[in-house]
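One structure below.
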Protein chains: 2
Amino acid sequence: MKPETRKDEIINTAAKLFKEKGYSAVTMRDLATAMGMKAASLYNHINSKQDILKVIIICIAEEFTNGMDIIISSEESNIDKLKKIVSLHVDITSHNTSGMASLNNDWMHLEDHLEYYLKLRNEYEANFLKIIKTGITASEIKNSNPEIIMFSMLTTLRSLYLWIPKKEDLNANDLANGLSQVLIDGINN
Amino acid sequence: MKPETRKDEIINTAAKLFKEKGYSAVTMRDLATAMGMKAASLYNHINSKQDILKVIIICIAEEFTNGMDIIISSEESNIDKLKKIVSLHVDITSHNTSGMASLNNDWMHLEDHLEYYLKLRNEYEANFLKIIKTGITASEIKNSNPEIIMFSMLTTLRSLYLWIPKKEDLNANDLANGLSQVLIDGINN
DNA sequence: AGATTAAACTAACAACTGTTAGTTTGGAGA
DNA sequence: TCTCCAAACTAACAGTTGTTAGTTTAATCT
């Protein structure tokens, strides 16, 4: 673990504020107050408000892309790949809940990096959908609408940032297992 | 169908803009431009920016409360109650996708009406959870973590506003059925 | 002790924010 | 034709926004 630089502190504090009020509603003066300094001093460490958002979102988006690349190139069953995706989301989200909030809610304010973000997101969703469709063809997965399946899973996983902080008693493993069970096996007897 | 007043037009246009950029990032001048008028003219019809948000969110929140009240006082099985909840979300969302975006993303900017909104939301979630727990006790529903079940269903349903506009070919009934199947029966063979 | 430097500061900027006051316009009812 | 009124307008406000320039502070290295 490398020590947290002042810049990291600012970015993490910003992520927390963005989670609570959204990017646009957080001012540089809000951020400065939360850091115990004046707004102008922030600029000794960061380039711009926009740049903070970029770092928060793009880093996480690339984590997801890397995780998905490992999953699709593995030799597991499609159901197991889906379980790996659930774990990927639980892991990334549980060590960066605030960042996930920004990724979910403030990506549209990315400006210069919006295009790149959307590229990563589209590729991720395409890979996700392909796993589901292959699983249906292989009769591992019920022949429901594959897009509804992906939508249901992905929106649940994307909202984990809202839920993980409220359930600190549940460790990452138990949560991933519980979620896999509910999402994959259904709920009715 | 009563005709749409100028005030309604403004509120609906605002909801669309709020959906795209979030409440804080939309200025009264943005809204005026979208309406083809000057910002000051908006105030002939509405009280404040804050009041627009209040109308958008509270109306929908009360629709959900009313819908839930009917469901809990019905005599159906708990599984059927869950299916009714799915339909409730599909119905409300499909006739007001923009408003649902504001409800999901901008409720924290409600100021004076925040407390009331949170009261409605908490009651709604308590009712939802009770249906699941009763269903588990009655062996209608698998004995999984009831909160994970609710979280999974509710976040999927809350995100419908993102998805319905992309799938205009799917009518409300088919979507509700497909969702119920995936959420309740699971996806694996 | 003197030099260096990271990191804070004060002061200010031009642009933008929601909103108010007072005025003009154009069409409907008398 | 005259009156009325909804609904637009112009002009302005006080406060807030992200950001820059230049300065001070206090600790570290030589």
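What's counted below: heavy atoms across the whole structure, side chains too, no hydrogens, waters or symmetry copies. Sequence lines set the chain letters: A, B, ... in the order given, protein chains first and strands last, and positions in each chain run from 1. Because the structure is predicted, anything quoted here is derived from the model rather than measured.
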D/dC9 phosphate, OP1 or OP2: any side-chain N/O from B/S41 under 4.0 angstrom?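 The answer is yes; a side-chain N or O of B/S41 sits under 4.0 Å from OP1 or OP2.
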
Nearest whole angstrom, please: distance from the [atom2] of [N] to the [atom1] of [X].
X     : N      : atom1 : atom2 : value
B/E9  : D/dA6  : CD    : C1'   : 14 Å
A/I10 : C/dA8  : CD1   : C1'   : 11 Å
B/D51 : C/dG18 : CG    : C1'   : 14 Å
A/R6  : D/dA26 : CZ    : C1'   : 14 Å
A/I46 : D/dG18 : CD1   : P     : 10 Å
B/M37 : C/dT19 : CE    : P     : 16 Å
A/K49 : D/dT16 : NZ    : P     : 15 Å
A/L42 : D/dT20 : CG    : P     : 12 Å

Can a donor-acceptor pair be found between the side chains of A/T155 and B/T155 at a distance below 3.5 Å?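 The criterion, which ignores hydrogens and geometry beyond distance, is not satisfied for B/T155 and A/T155.
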
Answer yes if the side chains of B/E4 and B/N12 hold a donor-acceptor pair under 3.5 Å, and no otherwise.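 Side chains of B/E4 and B/N12: pair found under 3.5 Å.
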
Regarding [X] and [Y], does a basic nitrogen lie under 4.0 Å from an acidic carboxylate oxygen?
X      : Y      : answer
B/E125 : B/R158 : yes
A/K119 : A/E115 : no
B/E76  : B/K83  : no

Identify which nucleotide among [options] has an atom closest to any side-chain atom of [X], counting heavy atoms from C-beta outward.
X     : options               : value
A/A39 : C/dC9, C/dT19, D/dT19 : D/dT19
A/Y43 : D/dT20, C/dT20, C/dC9 : D/dT20
A/H45 : C/dA7, C/dT19, D/dG18 : C/dA7
A/K38 : C/dG18, C/dC9, D/dA8  : C/dC9

Suppose we call a contact any N or O donor and acceptor under 3.5 Å apart; does that hold for the side chain of B/N44 and the base of D/dA6?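 By the distance-only test, no, there is no pair.
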
What is the minimum heavy-atom distance between A/K142 and A/I149, and which atoms define it?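 What the structure gives for the nearest pair is O-CD1, 4.3 Å.
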
Taking DNA chain C as the partner, which of residues 17-31 of chain A come within under 4.0 angstrom of it by heavy atom?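 A/R29, in order of number.
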
B/T27 side chain near B/D30 side chain, heavy-atom distance below 4.5 Å: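 The answer is yes, as the side chains (C-beta and beyond) meet within the 4.5 Å cut-off.
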
